[in-house]
Undergrad: 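Take a look at the following structure, please.
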Amino acid sequence: MPEGPELHLAGRYINEACGGLVFSGGVERSAVGRGPEVPFSSQAYRISATARGKELRLRLEPLGPGPPQHLVFRFGMSGSFRLCPAAQLPRHAHLRFLTRESPPRALCFVDVRRFGSWRLGDAWQEGRGPCVLSEYQAFRENVLKNLEDRAFNKPICEALLNQKFFNGIGNYLRAEILYRSKIPPFEKARIVLEALKDQERARKKNSSLTLSKKLKLMLENPDLLELCHSVPMEVIAAEKQLLEPDHSDNYAAFKNWLQCYLVPGMSSLRDRSGRTIWFQGEPGPMAPKGQTSRKKRTGLKAAPKTQTPKVSTRASKRHPRAAAEPLKPATKQEEEEEEVADEPRKGRARGRKKATAAAPAFSEPEVPVKARRSRRMSARRGGGTAPAV
């Protein structure tokens with residue numbers, strides 16, 4: 001799913017692809033887009049983008065009189081931007097900005113799974129901390145000065161998803177960062193980060209170290225917070241999804257870059273949020289109990305055939321489909337994209353489960369067949385109606 005590097009690369013893509021283009025007209029929105037209508041229209045305007053953490057801001061700047069319009073996007077699990085001919089719009093293009101050229105092109109916000117959204121205005125979402133990429137020093141200070149926050153009572157793998165402190169870090173980045181720092185994912189976050197605080201104090205006190213030596217030490221032995229900046233920067237340096245967001249070679253290059261996440265031979269567990277963390281070695285003292293660490297194998301086994309349940313002859317006559325079709329396993333819930341400072345989402349499947357649970361678990365007692373027959377016979381002889389049963 002899109003994390004900090006993908007948002008920054010999307011911003012760079014928009015600025016490079018649309019830098020010389022002039023857009024015109026209003027902003028088109030699909031009927032199912034998760035965002036408001038954009039009350040903006042201009043005969044000529046330009047588009048620029050800025051990314052911060054897991055958010056991206058668009059600025060629509062009129063070339064004539066009139067104020068600019070800002071929009072802030074969250075990409076959810078599958079959001080991206082794409083510039084394409086207006087006559088060949090991709091599916092799931094939920095917001096479209098048309099160029100003034102002929103034939104026109106469209107800059108589209110494409111989101112297949114519709115977890116992404118946008119809102120009007122230029123303000124970043126309240127509660128998000130400094131960006132791990134563009135505001136590294138402020139990010140580091142924000143973490144180290146707030147170690148008493150209860151967010152750091154959790155395992156470090158869960159704390160890394162807290163956007164109040166680690167704005168831009170997501171599931172694949174946390175696995176890569178912890179793997180390179182050789183820190184067990186279920187070590188208490190405060191213990192890990194307090195050690196960094198002590199190291200920083202010792203570094204400052206050591207007057208014999210010159211600035212160049214300090215930089216050399218940092219590059220050779222980066223700590224956890226430095227990796228929160230340098231690992232995402234590696235993705236950006238590789239320019240994944242820069243020019244062609246849907247190019248098939250991009251995912252292959254990204255997969256080769258990964259050292260831990262989804263890599264064969266690595267172990268995995270689910271954290272308390274239900275998200276899978278990949279790691280190597282021991283999970284740590286706060287690992288969830290009752291789970292067995294699973295290792296990813298190089299080859300996937302063929303799924304076993306589902307056995308058809310035995311159905312009695314009478315049931316198969318009444319419900320022929322039940323006898324012919326195997327029982328379907330319950331579907332697995334999708335992993336949620338955001339962790340902190342994000343809106344809760346209610347799934348329709350969850351509502352159906354509640355409705356089913358609320359249904360009464362009993363029915364009216366069944367009257368024996370012989371009793372029903374005798375009552376009908378007596379009713380006919382007496383000329384009346386059968387009593388209700």
Side-chain angles (χ1 to χ4, degrees), residues 3-5 53-54 127-133 135-206 214-215 217-235 258-261 263 266-289 291 293 338-341:
E3 301 182 15
K54 285 191 177 182
R128 288 182 180 269
C131 175
V132 297
L133 282 159
E135 303 166 305
Y136 169 68
Q137 201 55 46
F139 147 71
R140 187 180 183 92
E141 291 170 5
N142 183 49
V143 171
L144 294 179
K145 75 180 181 183
N146 288 295
L147 291 182
E148 295 304 315
D149 193 282
R150 64 181 181 179
F152 300 109
N153 293 336
K154 296 181 179 182
I156 186 62
C157 67
E158 294 179 16
L160 282 171
L161 295 182
N162 189 326
Q163 302 301 292
K164 180 180 177 182
F165 298 105
F166 297 91
N167 188 11
I169 301 298
N171 208 28
Y172 85 78
L173 282 175
R174 69 167 176 173
E176 295 298 316
I177 290 164
L178 291 173
Y179 171 76
R180 298 186 192 199
S181 61
K182 297 180 174 61
I183 295 172
F186 291 95
E187 184 62 73
K188 191 173 184 178
R190 187 174 292 110
I191 293 174
V192 173
L193 296 166
E194 283 284 4
L196 298 190
K197 207 171 183 180
D198 295 338
Q199 290 173 15
E200 197 165 82
R201 285 182 193 138
R203 232 185 244 176
K204 287 179 179 178
K205 285 181 180 178
N206 192 346
K214 287 180 182 178
L215 290 172
L217 282 173
M218 286 171 60
L219 292 172
E220 291 176 351
N221 303 291
D223 62 34
L224 179 75
L225 297 181
E226 288 162 353
L227 287 170
C228 286
H229 173 73
S230 62
V231 173
M233 286 299 293
E234 286 181 20
V235 181
L258 293 170
Q259 297 181 27
C260 179
Y261 182 75
V263 172
M266 295 296 165
S267 302
S268 67
L269 285 172
R270 287 191 174 273
D271 61 22
R272 289 186 299 177
S273 302
R275 304 194 68 184
T276 302
I277 174 68
W278 297 86
F279 62 95
Q280 186 180 52
E282 294 298 320
M286 296 182 75
K289 295 179 181 179
Q291 282 194 52
S293 176
E338 296 284 3
E339 308 73 26
V340 170

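Index from 1, following the sequence.
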Undergrad: Would you compute the distance between atom NE2 of H229 and atom CG of L224 and round it to the nearest 0.5 angstrom?
TA: 14.0 Å

Undergrad: Identify the heavy atoms of C157 and D271 that sit nearest to each other, and give their distance.
TA: SG-CB, 4.5 Å

Undergrad: Roughly how far, to the nearest 0.5 Å, is the CZ atom of R128 from the NZ atom of K54?
TA: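 Going from NZ on K54 over to CZ on R128, the span is 7.0 Å.
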
Undergrad: At their closest point, which heavy atom of R190 faces which heavy atom of L147, and how far apart are they?
TA: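 For R190 versus L147, the nearest heavy atoms are NE-O, 2.7 Å.
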
Undergrad: Report, as yes or no, whether the 6.0 Å neighbourhood of atom CD on Q259 holds more than 12 heavy atoms from other residues, nucleotides or ligands.
TA: yes

Undergrad: If you round to the nearest 0.5 Å, how far is CE of M233 from SG of C228?
TA: 14.0 Å

Undergrad: Could you check whether any side-chain heavy atom of L225 comes within less than 4.5 Å of a side-chain heavy atom of V132, counting everything from C-beta outward?
TA: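 They are not in side-chain contact.
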
Undergrad: For P288 versus R270, what's the shortest heavy-atom pair and its separation?
TA: CG-O, 3.3 Å

Undergrad: Looking at every non-hydrogen atom in both residues, tell me the closest pair between P232 and I169 and how far apart they are.
TA: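 Answer, listing the atom of P232 first, then I169: CG-CD1, 4.3 Å.
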
Undergrad: Look at the side chain of Q163 and the backbone N and O of L161, then say whether any donor-acceptor pair between them is shorter than 3.5 Å.
TA: yes

Undergrad: Considering only heavy atoms from C-beta outward, does the side chain of C260 approach that of M266 to under 4.5 Å?
TA: yes

Undergrad: Identify the two heavy atoms, one from L227 and one from P222, that lie closest to each other, and give their separation to 0.1 Å.
TA: CD2-CG, 3.8 Å

Undergrad: Classify the ring geometry of F139 against F166: parallel below 30°, tilted from 30° to 60°, perpendicular beyond 60°.
TA: perpendicular

Undergrad: About how many Å separate CD1 of I177 and CD of E226, when rounded to the nearest 0.5 Å?
TA: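 These two atoms lie 12.0 Å from each other.
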
Undergrad: Got a second to check how far L173's CG is from L160's CG, nearest 0.5 Å?
TA: 9.5 Å

Undergrad: What I'd like to find out is whether the side chain of P285 reaches to under 4.5 Å of the side chain of E187, using heavy atoms alone.
TA: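 With C-beta onward as the side chain, the pair touches.
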
Undergrad: Quick one: CD1 on I277 to CG on L269, what's the gap to the nearest 0.5 Å?
TA: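 Separation between the atoms: 9.0 Å.
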
Undergrad: Heavy-atom distance under 4.5 Å between the side chains of F152 and N162, does that happen here?
TA: no

Undergrad: If the condition is side-chain contact (heavy atoms from CB on, under 4.5 Å), which residues does N146 pass it with, not counting sequence neighbours?
TA: N142, F165

Undergrad: With side chains defined as the heavy atoms from C-beta onward, is the minimum distance between K154 and R272 less than 4.5 Å?
TA: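 They are in side-chain contact.
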
Undergrad: Does R140 reach the side chain of D223, with side-chain heavy atoms less than 4.5 Å apart?
TA: yes

Undergrad: With a 4.0 Å cut-off, would you call D149 and K164 a salt bridge?
TA: yes

Undergrad: For E3, which residues count as a side-chain hydrogen bond (donor to acceptor under 3.5 Å, both in side chains) partner, sequence neighbours excluded?
TA: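 Per chain and number, E3 pairs via side-chain hydrogen bond (donor to acceptor under 3.5 Å, both in side chains) with no residue.
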
Undergrad: Can you list the residues that meet the ring pair (Phe, Tyr, Trp, His ring centres under 6.0 Å) rule with Y179, with sequence neighbours excluded?
TA: none

Undergrad: Looking at every non-hydrogen atom in both residues, tell me the closest pair between R174 and T276 and how far apart they are.
TA: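 For R174 versus T276, the nearest heavy atoms are NH2-O, 3.4 Å.
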
Undergrad: Would you say the side chain of P185 lies within less than 4.5 Å of the side chain of W278, judging by non-hydrogen atoms?
TA: no

Undergrad: Is any side-chain heavy atom of I191 closer than 4.5 Å to one of I156?
TA: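 Heavy-atom side-chain distance check fails, nothing below 4.5 Å.
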
